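First the proteins, then the strands, lettered A, B, ... as listed; each starts at 1. Being a predicted model, the structure only gives us computed values, none of them experimental.
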Number of protein chains: 2
Amino acid sequence: MTKSVVKMNDVQNEIKKIATNLKNNKDEGSKKRRIIAAAEQIFAQKGFFETTISAIAKEAGVAEGTIYEYFENKKDLLYAVPEQNTIEYADFALNHLQGIKGATNKIRKIIWFQLDYFRTHRNYTKLMILEIRRGPDYFKSKAYENLKLYSDLILTIIREGIRDGEIVSDVNPYIVRDMILGTIEHISIPWLVFGREIPIDDLVEDICKVIFSGLSLKDMTF
Amino acid sequence: MTKSVVKMNDVQNEIKKIATNLKNNKDEGSKKRRIIAAAEQIFAQKGFFETTISAIAKEAGVAEGTIYEYFENKKDLLYAVPEQNTIEYADFALNHLQGIKGATNKIRKIIWFQLDYFRTHRNYTKLMILEIRRGPDYFKSKAYENLKLYSDLILTIIREGIRDGEIVSDVNPYIVRDMILGTIEHISIPWLVFGREIPIDDLVEDICKVIFSGLSLKDMTF
DNA sequence: AAATATAATTGAGCGGTATTCAAAAATGGC
DNA sequence: GCCATTTTTGAATACCGCTCAATTATATTT
């Protein structure tokens, strides 16, 4: 009897240990991640102001106080939500660009990639464009730092295009980059707000048409 | 004595009447306008969330409750602030376009006009871009309705340019409009947030360069 | 296995803010 | 000058972000 009890306890301890290890490796993060996942969903659905901490806590299955163990405050939690996305962003883009030759082909791909990312990560995009990118705090955030890599990637492509003689030399690369990003963002807002579908391929063509060839008739530019 | 008293009352009544008329014509609006002016200043300075109703009430010289006589709630007040601006927007733009011939010249002027309006109406622009354009409510607001006139004006110019053969016929006018508006908005955000100066003339040239001629070398587009 | 120490979690309570509403003040008509 | 109506007020209410003392779970020691 004593023996079997001891064995039981050994087993229990073993399980506890394993559970603990699991918790340390994944679950500890998992609780944080559960909170972030809940926050992403509710923030995107209701907006920052209409979202209550208690709603996030309930969705994540924790007490309100627990949220403040992982995040400084409500805004800090908001900013934490898209961090993972902004990290993979430049990386994904680089992956997609592999094997593509020429600046214009790369720019076309970048535009496609971003629209497609927006389409497949709507909560992230909603938060990023509608809630985060507009506060003064954004420019001090990790998310901004991460996205700057992506932004710089676009800049590099444009500059290489100019260097290689594929892009006219008298354009301002910063403006070109801002045009690409600004156009995509501006077009996306109604979709994000109303949840419409995005006709990506047509859009990419329409945008590239203007960016590559411009509005003026060719015979008038000579 | 009685006479003089009566006279005094007559004078007082006269003054009261005049004051009342003034109030009905201007001051009644004036109290509302005082609240709006206070709100514009504090909202633009502190942002929507950091702004308290009591701060606006104090700045406007009214009690908190009075604000709720004129506006449904805090958000309603925020949306009321830029309404006057959005009304004059299309009107001003039309004025500036008078006497300008050709779609490209008009587009150049539109871009200049908007950047200049942003520069000279920073509080309005900050509220519009950073606070208002985010929410789903914006698309149901009077401000959106008013700005649609401006947006349609741009669309018309582009279509006329296509019809008159000044602009290539295979561009999507909606995309061109969104590129113009999106680019300006995207470029403006850091200025608005950090309060930097806007180098308008250089910007207009850089933007027009790309929109009119595109990135591709001319000899590669043939 | 028990005792102890440490860490994690909880949720009631605090302070502050948007909003309401009954009372007070101002206004308008007679 | 008196009553009816409108406007204004600010104390009271409800709700929310956030804190912290108490509780529970986990880890360590013996």
With sequence neighbours excluded, tell me which residues meet side chain to side chain contact (heavy atoms under 4.5 Å, CB included) with A/Ser151.
A/Arg177, A/Leu181
Can you tell me how far P of D/dC15 sits from CZ of A/Phe49, to the nearest Å?
14 Å
Ordered by number, residues from residues 71-83 of chain B within less than 4.0 Å of DNA chain C (heavy atoms) are B/Asn73, B/Lys74
Write out all pairs satisfying side chain to side chain donor-acceptor pair (under 3.5 Å) with one or both partners inside residues 35-47 of chain A, taking only residues at least two apart or from two chains.
none
Please report, to 0.1 Å, the donor-acceptor pairs under 3.5 Å made by any side chain of residues 80-88 of chain B, with sequence neighbours excluded.
from, atom 1, to, atom 2, distance (Å)
B/Asn85, ND2, B/Tyr117, OH, 2.9
B/Thr86, OG1, B/Glu83, O, 2.7
B/Thr86, OG1, B/Asn146, ND2, 2.9
B/Glu88, OE2, B/Tyr117, OH, 3.0

Begin from the C-alpha positions of B/Lys106 and B/Lys109 and carry the test side chain to side chain contact (heavy atoms under 4.5 Å, CB included) through to its verdict.
CA-CA 5 Å; B/Lys106 281 180 185 157; B/Lys109 178 71 180 189; 5.5 Å; no
First of A/Glu69 and A/Thr51 reached from the 5' end of DNA chain D, by closest nucleotide
A/Thr51
For B/Ser54, which residues count as a side chain to side chain contact (heavy atoms under 4.5 Å, CB included) partner, sequence neighbours excluded?
B/Thr52, B/Glu64
When rounded to whole Å, the CD to C1' distance for the pair A/Glu50 and D/dG17 reads 15 Å
Kindly write out the residues that satisfy ring-ring contact (aromatic ring centres under 6.0 Å, His included) with B/Phe71, not counting sequence neighbours, or none if the list is empty.
none
Non-neighbouring partners of A/Ala93 that pass side chain to side chain contact (heavy atoms under 4.5 Å, CB included), sequence neighbours left out:
A/Ile110, A/Phe113, A/Tyr150, A/Leu153
Short side-chain N/O contact from A/Lys31 to OP1 or OP2 of C/dT9, under 4.0 Å:
yes
Of the residues in residues 52-68 of chain A, which ones touch DNA chain C at a heavy-atom distance under 4.0 Å?
A/Val62, A/Ala63, A/Gly65, A/Thr66
According to a strict under-4.0 Å criterion, is A/Tyr70 in side-chain N/O contact with OP1 or OP2 of C/dT9?
yes
Could you give all pairs that pass the ring pair (Phe, Tyr, Trp, His ring centres under 6.0 Å) test and reach residues 172-209 of chain A, with sequence neighbours left out?
A/Phe194-B/Phe139
